[in-house]
Each structure stands twice: as structure tokens, then as C-alpha cells.
Amino acid sequence: MLDIKFIRANTELVRAAIANKNEKANLDRILELDEQRRKLQFDFDTLKSKQNTVSGEIAKRKKNKEDAAELISQMSSVADELKQISTQLTTCNAELDQALLTVPNIPFQSVPVGRDESFNRHIREWGTKPEFSFEPLDHLSIADKNALLDLPRGAKISGSGFPVYTAEGARLERCLINFMLEYHRQKHGYTELGVPILVNRPTMTGTGQLPKLENDMYHVDEDDLFLIPTAEVPVTNLHSGEVLALSQLPIKYVAYTPCFRREAGSYGKDTRGLQRLHQFNKVEMVRFVEPEKSYDALEEMLHDAEAILQAFGLHYRVVELCTGDLSFASAKTYDLEVWSPGTGRYLEVSSVSNFESFQARRAGIRYKDAEGKMQFVHTLNGSGLATPRLMIALLETYQQADGSIRIPEAIKPWLELKI
RNA sequence: GGAGAGGUGGCCGAGCCGGUUGAAGGCGCACGCCUGCUAAGCGUGUGUAGGUCAAAAGCCUACCGAGGGUUCGAAUCCCUCCCUCUCCGCCA
């Protein structure tokens with residue numbers, strides 16, 4: 001959420017951000033409501049002040065056993081009026097708050113303007129595309145040959161998009177999660193968290209999934225809880241409504257969770273195998289930092305995510321999203337796209353974003369700065385990484401002519417665990 | 001799910017038969033004074049948000065889990081919801 005004062009003072013900047021992000025918040029209505037709100041607030045305060053004064057006088061008279069009937073009857077009309085204004089104010093505030101939730105974050109000034117992914121900026125790439133002396137298979141064929149997945153049975157028990165990992169496939173996936181958690185914990189200094197995967201409405205609103213994405217999420221009607229689409233949601237909201245001590249910052253969390261996405265309307269598009277799923281596992285990094293340090297933190301997190309791909313020796317590229325591809329809450333986002341030899345395409349395995357104070361303002365996450373002033377922290381998060389497309393890249397990159405897979409050295413110790 | 005107790009400022013903790021209570025008292029913290037040092041002691045200060053103002057100061061308003069209600073006036077009375085604790089039931 002943006003500060004209403006900021007919106008008031010930078011209307012055209014906000015208007016441009018809405019347009020560049022292909023959003024449709026009603027800015028004029030917001031300004032109108034803001035105006036109205038301030039007028040009502042002023043009227044309320046003025047009248048309330050009068051009421052407080054006279055009520056004090058009534059109290060005094062009663063104490064002295066004097067007659068206060070005159071004042072009380074006088075005040076009864078004031079009380080009525082006050083109630084009326086208060087009702088209007090409540091309505092106005094509610095509408096304004098709702099409207100403010102539909103205003104997207106403002107893209108960082110360096111973010112390329114463009115309406116879709118074709119305007120994304122290529123930053124760099126790492127490694128090279130692997131060469132094969134044979135025609136490389138795609139991950140599904142490799143998984144079949146090695147009995148790593150059972151997608152038909154996943155579809156039977158839940159539906160398409162709910163994968164079943166079998167035997168070595170299940171082990172491999174689990175080891176990837178373990179490896180990534182430990183890597184970030186030991187080498188990058190993140191604190192591991194285990195968090196709920198069902199969260200309530202305020203939590204979903206805090207990070208910006210609600211109100212916009214309500215239909216993209218699984219919802220448990222009975223309890224009004226949502227299945228999380230990413231660990232970003234519970235982990236960022238962990239500190240909602242809190243005032244953090246300056247000495248606590250930066251906070252760096254890493255958490256593994258299953259993620260659930262309805263992916264409504266995306267059937268048939270890049271959905272083969274593990275490419276696009278309703279349920280998948282992801283290791284997520286989240287940071288809470290001082291505002292001046294958030295863009296350095298963004299670069300650091302990008303490197304943290306890249307380190308995993310590098311440890312596995314997977315070719316990838318880094319892309320900076322343009323305004324039109326940027327998510328609702330993000331100010332700046334890098335995507336990591338890993339090379340998939342089987343499909344001849346780059347697949348998104350990580351998204352690393354700086355939300356600046358957008359989420360912090362929604363969720364009420366503040367800290368006291370060196371001068372003792374209240375400030376909103378900046379929040380960031382990045383996948384590190386999502387397992388399905390990582391599996392795709394691993395299987396396809398390390399496939400052998402005989403259909404087997406050569407496991408990267410980094411994962412071997414995890415797979416060879418003996419008890 | 002059932003019964004009971006409770007949710008007050010950074011923390012502890014009064015107030016809860018309605019009327020200078022943003023809120024006693026204590027602790028903590030900050031600054032100052034005092035004292036070889038430390039400790040003790042003394043004094044002052046110590047929330048957030050909104051509004052007003054060019055801005056600061058100042059002033060006004062709101063906030064005692066959340067939301068409604070009663071009243072001239074509510075932390076205090078009533079209703080609903082949320083959370084915590086204890087006991088019972090149920091279950092991985």
C-alpha cells in the first residue's frame with residue numbers, strides 16, 4: 001500500500017505506475033475520498049472537542065450538586081450529530097481503505113517500462129548450454145525411464161497439476177529442498193523457519209495477494225483460510241503489526257513450504273510435466289531491512305539464489321522484469337531462468353523482488369530508526385528455489401545417452417545418506 | 001466442541017458500583033544533578049496515529065484485544081467476534 005500523503009503529493013507518478021503496471025485503480029475516486037475523509041475528520045474532531053468540554057462541565061456541576069439538565073439536553077443533539085458524522089466517517093474510511101488496496105506499488109525508477117515480457121531486460125547469463133552427442137529427451141521421458149514421477153496417479157487422486165514423486169524421484173526432490181535450506185542457512189546466514197501453509201485473510205492482504213488474486217488461490221470456506229501460493233506470505237507476515245528494533249535488522253529468513261496455485265485459465269500453456277503445477281515445493285528467502293539498504297539486499301538475494309544454480313552447474317540467465325511484467329506489490333524484480341535442454345527454452349525458477357515499504361505499510365511492519373523515529377521496513381523475498389523446474393533442468397541437463405542421469409556432485413552427499 | 005478465568009502503555013500492574021485516566025504505582029529506558037569508581041539517591045522526561053500549520057512549536061481528536069450498542073459522557077455497563085490460560089471431551 002502506498003501512503004495516502006504520498007499519493008496526494010505525487011498523483012501523476014502514481015497514475016503512471018498504475019498504467020505501466022496494467023492495473024486499473026481509480027485514483028480520482030481515491031483523491032476524492034481522501035478529501036472527504038479529512039473534512040469529516042475535521043468536523044468530527046471539532047464537535048467532539050466541544051462535547052468533551054461540556055461533558056467535563058456537566059461532571060463538575062454534578063459533583064457540586066448543581067443542576068446540569070440544561071447542558072445535558074443541549075448535548076443530546078450534539079451527540080446525535082456526532083453519531084451521524086462518525087457513521088459517514090466510518091463508511092468513507094472503509095471505502096478509502098479498500099480503494100487504497102487496489103493501488104499497485106510504484107516501479108523503481110530504473111525498471112524498464114513496457115507492457116509485457118518482451119520488454120524485460122536481459123542482465124546476464126551464467127554457464128553455457130550443455131552439448132549432447134544424442135537427441136536430448138525432455139524431463140517427462142527421462143522421469144518415465146527412471147520411474148521418478150507418477151503424474152497419472154497424481155491426477156487420479158487430486159487432479160492434473162498435482163504431481164506424485166516416486167522412489168528416487170521423491171528422494172531427489174527431498175534432498176534438493178534439504179540442500180537449499182542448508183545452503184542458505186550455512187553460507188548465506190538465513191534463519192530457518194517452519195510456517196503454516198493455511199493463512200487468514202489479513203495475512204493474505206498484508207503481502208498484497210488480496211484483494212487482487214482471490215480467485216487464484218485455494219480457499220477453505222469453512223474457516224476462511226487460504227492455502228499459501230508462496231512462503232513469502234506467512235514469513236513476511238510473521239512480523240505484521242510489530243515494531244522491530246534497529247538492532248534486529250536485517251532479518252533474514254528461509255523457509256520451505258508447499259505452494260498452491262489454482263492457475264485458473266492457464267491450461268494447455270506450458271503445462272507439460274512439471275512445468276506448471278497446482279502444488280509444488282519451494283524454498284523461499286525473506287528479508288526485512290532498513291530502507292537505505294534494500295537495493296543492496298536485493299542484489300545479495302539474487303546472488304543467493306544464483307548460488308544454488310551454480311552449485312548444480314546449471315546454465316541460466318538473469319532477467320529484470322519490465323513494469324508490465326512486475327507483480328502488483330513489487331518495485332523491482334529479477335527472474336532467474338534456467339535452461340531446459342529438453343524443451344529448448346528457459347524456465348523461470350526464481351523471482352527475487354524488493355517491495356520497498358509497500359508490504360510493510362499494509363502489514364504494519366515498522367522499526368525505530370537511529371533517531372528513534374518510526375519507519376516502515378523494506379521487505380524482500382526471493383525463491384531459492386522452486387523444485388519442479390529445478391528438477392526439469394537437472395534431469396535434462398544431466399541425462400546420459402543410456403537414459404540414466406548423472407547426479408551433480410553437490411547433491412550426491414545428500415542422496416548417499418546412510419543410517 | 002463444552003466449562004471457567006483473563007486480555008490495560010516497552011514490561012509488570014492498579015482502575016472496572018461511568019465523569020480532568022493517555023491512563024496510579026513499580027520496573028525499564030533517556031537526559032541532568034550528586035558521589036574517588038560502581039552501587040544507591042534526587043530531578044525531569046519517556047507511546048502511536050490523524051487533523052490544523054509553509055514548517056516547527058503549539059493546539060485538537062482518536063486509541064485500555066477487535067467491532068457494534070447504551071449514555072450528555074465508557075478502560076469502566078450491554079452484545080458479537082478474536083486470542084491466551086486452566087479443566088473436560090475428541091484426535092494425529
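The chains referred to below are lettered A, B, ... by the order of the sequence lines, with proteins before strands, and numbering in each begins at 1. Because the structure is a prediction, the values reported are computed rather than measured.
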Would you kindly give the [atom1]-to-[atom2] distance between [X] and [N], to the nearest whole Å?
X	N	atom1	atom2	answer
A:L225	B:rC82	CG	P	12 Å
A:K63	B:rG18	NZ	P	14 Å
A:K373	B:rA30	NZ	P	22 Å
A:R37	B:rU61	CZ	C1'	13 Å
A:M374	B:rG10	CE	P	8 Å
A:D369	B:rU48	CG	P	11 Å
A:I85	B:rG50	CD1	C1'	16 Å
A:L47	B:rG50	CG	P	22 Å

Do A:K187 and A:E182 sit within salt-bridge range, that is, some charged N less than 4.0 Å from a carboxylate O?
-> no
NZ/NE/NH1/NH2 to OD/OE distance under 4.0 Å, A:E356 and A:R361:
no
A:F108 ring centre to A:K332 NZ or CZ under 6.0 Å, with the angle to the axis within 45°? no
Strictly under 6.0 Å, is that where the ring centroids of [X] and [Y] end up?
X	Y	result
A:Y334	A:H303	no
A:H188	A:Y183	yes
A:F376	A:F358	no

In whole Å, what separates the [atom1] atom of [N] from that of [M]?
N	M	atom1	result
B:rC59	B:rC12	C1'	34 Å
B:rC78	B:rA5	P	13 Å
B:rG67	B:rG13	C1'	27 Å
B:rU35	B:rG43	C1'	16 Å
B:rC37	B:rU20	C1'	46 Å
B:rG22	B:rU48	C1'	11 Å
B:rC34	B:rG26	P	24 Å
B:rA24	B:rG9	C1'	13 Å

By nearest-nucleotide position on RNA chain B, the 5'-leaning member of A:F42 and A:T46 is A:F42
The residue, A:L82 or A:K50, whose nearest nucleotide of RNA chain B is more 5′ is A:K50
Exercise for review: State whether a side-chain donor-acceptor pair under 3.5 Å links A:S330 with A:T333.
Suggested key: yes
Next item on the list: Indicate, with a heavy-atom threshold strictly under 4.0 Å, whether A:K39 touches base, sugar-phosphate, or nothing.
Entry: nothing
- Message: Heavy atoms only, 4.0 Å cut-off, all strands: where does A:R61 land among base, sugar-phosphate and nothing?
- Response: nothing
Picking from [options], which would you name as closest to the side chain of [X]?
X	options	answer
A:I58	B:rU70, B:rC72, B:rG50	B:rC72
A:S55	B:rA49, B:rA62, B:rC72	B:rC72
A:F44	B:rU70, B:rU61, B:rC72	B:rU61
A:A79	B:rG47, B:rC60, B:rC72	B:rC72
A:S49	B:rG73, B:rA49, B:rC60	B:rC60
A:T90	B:rA62, B:rU48, B:rG68	B:rG68
A:K48	B:rA62, B:rG73, B:rG19	B:rA62

One should read off an interatomic distance between A:L249 CG and A:I251 CD1, to the nearest 0.5 angstrom, of 5.5 Å
Rounding to 0.5 Å, atoms CG (A:L176) and CZ (A:R171) come to a distance of 11.5 Å
Taking only side-chain N and O atoms of [X], does any of them lie within less than 4.0 angstrom of OP1 or OP2 on [N]?
X	N	answer
A:Q41	B:rG51	no
A:K368	B:rU46	no
A:R366	B:rU48	no

Next on the checklist: Is there a side-chain contact between A:L309 and A:L336 in this structure, where contact means two heavy atoms from C-beta onward sitting under 4.5 Å apart?
Outcome noted: yes
What one should report as the nearest heavy-atom pair of A:M301 and A:M285 is CE-O, 3.4 Å
What one should report as the nearest heavy-atom pair of A:M204 and A:P229 is CE-CD, 3.4 Å
Heavy-atom donor-acceptor pair, A:N52 side-chain to B:rG73 base, under 3.5 Å: no
Counting only Watson-Crick and G-U wobble pairs with both atom distances below 3.5 Å, the stems of 3 or more consecutive pairs that include RNA chain B are B:1-7 with B:82-88, B:10-12 with B:25-27, B:28-33 with B:41-46, B:47-52 with B:58-63, B:65-69 with B:77-81
Numerically ordered, the residues 64-76 of chain A set in heavy-atom contact under 4.0 Å with RNA chain B is A:I72, A:M75, A:S76
